Amino acid sequence: MKVYFAPQSRAVRTVWLLEEMGQPYEIEKFTLGQKEMRGPDYTAINPNGRVPTLIDGDVTISESTAIAQYLAAKYAPDLAPSPDAQNFAEYLQWLHYAEGMIMPPINNYVVETILLPPERRNDEIAARALKLLNRTLAAVEQHMQGRDFLAGDFTIADTITGHAVVMSRRLGAAFENLPNLSAYADRLEARPAFNTAETA
């Protein structure tokens with residue numbers, strides 16, 4: 001399998017998922033600018049731009065949720081509840097929730113402010129980005145009350161959403177008032193696959 005992604009992409013979640021599943025992969029990490037990534041050479045490989053793309057033989061999939069669902073079905077059915085499972089609706093909820101963790105409108109602020117070098121950062125907009133992140137994380141904190149996992153014993157949904165949670169902490173989200181979520185993020189960061197994916 002080969003994973004294509006640009007800087008600031010969500011594809012590191014796919015890398016982490018592949019690590020957890022023990023599946024071999026290759027990475028193509030693009031360092032092109034915005035204008036270059038709209039050019040024919042890049043779009044020939046990754047027609048959807050900055051979103052992650054996975055190529056598995058003759059199968060090409062873009063968008064991280066679609067990639068996660070494909071990988072779960074093909075390589076990790078034990079980590080994906082069946083449609084008749086009691087937690088299936090919850091599983092889908094949290095699998096897709098990860099897409100909203102630092103996506104528009106939050107992503108517009110996060111990518112353009114918090115991830116910029118300090119000298120280019122707009123502090124007012126960065127504060128707004130953090131406020132949005134913290135509001136998003138509050139829902140996860142409430143859900144984590146008395147639980148070790150979001151949707152099950154480290155399902156695909158836990159992998160993808162958990163990675164979004166940890167990335168939010170990396171971006172400076174306020175975890176001091178989120179004890180459940182902080183403990184959850186600690187558990188996720190301690191996993192060997194997380195450290196491997198972080199260096200990708």
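Being a predicted model, the structure only gives us computed values, none of them experimental.
L150 and G162 get closest at one heavy-atom pair: CD1-N, 4.4 Å. The two residues R187 and M144 come nearest to each other via the heavy atoms NH2-CE, 3.9 Å. Pairing each heavy atom of P81 with each of A85, the nearest pair is CB-CB, 3.7 Å. Residues L133 and S168 approach most closely at CD2-OG, 3.7 Å, considering heavy atoms. A151 and Y91 make their closest contact through CB-CA, 3.9 Å (heavy atoms, listed as atom of the first residue, atom of the second, distance).
Side-chain contact check for H143 and Q93: no donor-acceptor pair (N or O, by modelled atom type) lies under 3.5 Å. Defined by atom type and a distance below 3.5 Å, a donor-acceptor pair is present between the side-chain atoms of Y25 and E19.
Side-chain contact check for P179 versus E141: some heavy-atom pair is nearer than 4.5 Å. In this structure, the side chains of Y70 and D56 come closer than 4.5 Å at one or more pairs of heavy atoms. When side chains are defined from C-beta on, Q69 counts as touching H96, because their heavy atoms get closer than 4.5 Å. Two residues are said to be in side-chain contact when any heavy atoms from C-beta on lie closer than 4.5 Å; I156 and L17 meet this criterion. With a 4.5 Å cut-off on side-chain heavy atoms, F175 and V165 count as touching.
Side-chain N or O atoms of R135 include none that pairs as donor or acceptor with a backbone N or O of A138 at under 3.5 Å. Of the possible donor and acceptor atoms, one in the side chain of D158 sits under 3.5 Å from a partner among the backbone N and O of G152. Side-chain N or O atoms of S182 include none that pairs as donor or acceptor with a backbone N or O of L178 at under 3.5 Å.
Distance check: T159 OG1 to M21 CE gives 9.0 Å after rounding to the nearest 0.5 Å. Taken to the nearest 0.5 Å, the CG atom of L54 stands 11.5 Å off from the OG atom of S64. Here the CG-CG distance, from L181 to N134, works out to 10.0 Å after rounding to the nearest 0.5 Å. Residue T14 holds its OG1 atom at 5.5 Å from CD1 of I160, rounded to the nearest 0.5 Å. Atom-to-atom distance recorded for T53:OG1 and I61:CD1 is 10.0 Å, nearest 0.5 angstrom. Considering NZ of K2 and CD1 of I55, their distance stands at 8.0 Å, rounded to 0.5 Å.
Note on ring orientation: taking the six-membered ring where Trp is involved, the planes of H163 and W16 are tilted (angle from 30° to 60°). Taking the six-membered ring for Trp and thresholds of 30 and 60 degrees, F154 and F149 have ring planes more than 60 degrees apart, a perpendicular arrangement.
Around the NZ atom of K131, the shell of radius 6.0 Å holds no more than 12 heavy atoms that belong to other residues, nucleotides or ligands. At most 12 non-hydrogen atoms from other residues, nucleotides or ligands lie less than 6.0 angstrom from CD of Q142.
Salt-bridge formation is detected for the pair D186/R169: a Lys NZ or Arg NE/NH1/NH2 atom is positioned less than 4.0 Å from an Asp or Glu carboxylate oxygen.
For the side-chain contact (heavy atoms from CB on, under 4.5 Å) criterion with M1, the lone passing option out of I67, V59, L71, I27 is L71.
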